[in-house]
A.B. asks: 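Before I ask anything, here is the structure I am working with.
Lettering follows sequence order; numbering is per chain, from 1.
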Amino acid sequence: MEFEEPLAEPLKKKLEKVKELKKDGKDLYKSRFEKNTDIANIKAKYPDLKAGDRDETVFKIAGRVMSFRKHGKATFADIRDFMDKIQLYVSQREVGDRMYEEFLDIDIGDWIGVEGNVFVTHTGELSINVLKFELLSKAIRILPEKWHGLKDIEIRYRQRYLDFIVNPEVKKIFLTRIKIIDAIREFLRGRGFSEVETPMLQLIPGGAAARPFITHHNALDIDLYLRIAPELYLKRLIVGGFEKVFELNRNFRNEGISYKHNPEFTMLEFYQAYADYNDMMDLTEELIKFVSMRSTGKLTTTYKGNEINLDGEWEKITMLDAIHKFGGVKLSFDNTIEELFLKAKELEIEVDKSMGKGKIINKIFETLVEPELIQPTFIKDYPIDISPLAKKHPENENLVERFELFIGGEEIANAFSELIDPVEQLSRFKSQVKSKFEEERITGRIDIDYLKALEYGMPPTGGEGIGVDRLIMLLTNSNSIRDVILFPLLRPES
RNA sequence: GGGCCGUUAGCUCAGACGGUAGAGCACCGGACUUUUAAUCCGGGUGUCGAAGGUUCGAUUCCUUCACGGCUCACCA
């Protein structure tokens, strides 16, 4: 038994008790228990029983003991299984002297299996009259307190199991997360999309501009990167003839941690041949409405104090129009760099002239507009120089057919009509690698194999990425990405 | 990385002019056959985040560090 700190007194006593029980030949850690129902089922079966009512059906349930109310020769206890909890009534008369003695050795936190029938107490609580019980697994550590719960946010993240044991609302968030993930798959499958798995270990980490995690393959003696995006592989599949594919899995980015960034996070990417970014907008709107209904049963949510309505048609507006509308600033690509630079300065937005027009405009957009985009809004037609994989806009060579979806002031989705011209793709890659700033962030290597794939011909395609954790934050009103990731990354304890 | 805040019992939290700390729950001992924050009687179980410094004396004051939170920067 390994304890990192000197043993606190209660812990020592627990260990002594366990030693005693073992010495008496008790098996404290059993192999199995045959349940025949869940607590929630029992509760559902007897909605109308009144005080004094009783049913002789024998149920076998199991769970963790959460509390005791001991009364000498009879004891009440609450046990909890995955979804529900119920009160046990154990009396010496019913279970006999020896078993009752054994029950008094049970501690809060222990797992037990129980056989008993249902009755309702004087105070009207549906309870299990215990006929037999069995200790399944002994707890040595003492659980956090029962009505203040566990508030220390650091312990909640580091020991998430305690968070689940003590804070029921946390479990609710993750159950919603599970429903959201299921609903995404259900929706896309229903639309004829195939779920695929592409490499997480990549030779060239492409599809985004973030610093990658580096690892090493010993047998091949090569460095590999954990993927920052699956994009370039999914598009290879489109070249190979797949028409609708999606991948719902982890990406890894070696960047800062914040309320909306975890080094590993869940990304949905989907690609549809013959579709453009307008089609993707329609699909996105339907997807998120479907997911919201399936997971929360409604089309409204509250996020950071804002009421958000997902119903109705979502607004679509170009980036430049949005800057005009929300920021009152009229910008265009006819402005010189100097003019854009001065405009940004005037707005107290930090930019420098090496950034290029697109980047400055985007920065202004992020500062002035993003926080205002509370209700679902598609921002479309992004600057070309910040969108190396998107198709050029037919009406303006400075723009691409790209949109981002914002809800609650957060970026939820990013999509475009894919750039499928291999010659143009090469020159875009080159100009991207050119700037010194980018060079630090990108490995500097162009994915020649991806270009080769394009050279074989890729059909017109719409592609999109959705930050699933952020979507979950939105639908569960969670202020931090750590509240929707089971085991978020923390610095190791000293 | 910068700024601000936090770290006291298993948990939630008090507290002190600088004189080695106290509540509730949990825990330990006892009473109790319908309680549900059960009740009643008895028991504090602690490296006051860590290390230095000042001091007769530091958990308290100072410095540094660790971890966490918020925020700014960064993350197209």
A.B. asks: Ignoring backbone atoms, test whether A:Arg491 places a side-chain nitrogen or oxygen under 4.0 Å from the OP1 or OP2 oxygen of B:G68.
C.D. replies: yes
A.B. asks: Is a salt bridge present between A:Arg428 and A:Glu424, judged by a nitrogen-to-oxygen distance below 4.0 Å?
C.D. replies: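 A salt bridge is present here (some side-chain N lies under 4.0 Å from a carboxylate O).
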A.B. asks: Let me know which of A:Phe82, A:Tyr161, A:Phe487, A:Phe164 forms a ring pair (Phe, Tyr, Trp, His ring centres under 6.0 Å) with A:Phe174.
C.D. replies: A:Phe164
A.B. asks: Expressed as a whole number of angstroms, how long is the span from A:Ile165:CD1 to B:C11:P?
C.D. replies: 14 Å
A.B. asks: Should A:Arg211 be listed as having a side-chain N or O under 4.0 Å from OP1 or OP2 of B:C74?
C.D. replies: no
A.B. asks: Could you check A:Pro144 against A:Ile386 and say which one's nearest nucleotide on RNA chain B is further toward the 5' end?
C.D. replies: A:Pro144
A.B. asks: May I ask you to verify if any side-chain N or O of A:Lys146 is less than 4.0 angstrom from the OP1 or OP2 atom of B:A38?
C.D. replies: yes
A.B. asks: On the nucleotide B:A38, are OP1 or OP2 found under 4.0 Å from the side-chain N or O atoms that A:Arg69 carries?
C.D. replies: yes
A.B. asks: Using only heavy-atom distances, decide whether a donor-acceptor pair under 3.5 angstrom links the side-chain of A:Glu145 to the base of B:G24.
C.D. replies: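 It does, because a donor-acceptor pair links the side chain of A:Glu145 to the base of B:G24 below 3.5 Å.
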A.B. asks: Quick one: A:Lys304 NZ to B:U71 P, roughly how many Å, whole number?
C.D. replies: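 The answer, rounded to whole Å, is 7 Å.
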A.B. asks: Looking for any heavy atom pair under 4.0 Å, which part of the strands does A:Asp152 touch: base, sugar-phosphate only, or nothing?
C.D. replies: sugar-phosphate
A.B. asks: Quick test of the criterion, 5.5 Å between centres and less than 30° between planes. Is A:His122 stacked on B:U34 or not?
C.D. replies: yes
A.B. asks: Can you label the angle between the A:Tyr89 ring and the A:Phe76 ring as parallel, tilted or perpendicular, going by 30° and 60°?
C.D. replies: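 Rings of A:Tyr89 and A:Phe76: tilted, as their planes differ by 30° to 60°.
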A.B. asks: If you check every side-chain atom of A:Thr121, which of B:G68, B:U35, B:U33 has the closest atom?
C.D. replies: B:U35
A.B. asks: Could you work out which one of B:C32, B:C67, B:U35 sits closest to the side chain of A:Lys70?
C.D. replies: B:C32
A.B. asks: Hey, is the main chain of A:Asp84 close enough, under 3.5 Å, to the side chain of A:Asp81 for a donor-acceptor pair?
C.D. replies: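 Yes, the answer is positive, given that a donor and an acceptor are paired below the 3.5 Å cut-off.
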A.B. asks: Check the distance between B:G68's P and A:Asn262's CG and give it to me in whole angstrom.
C.D. replies: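 After rounding, the reported distance stands at 13 Å.
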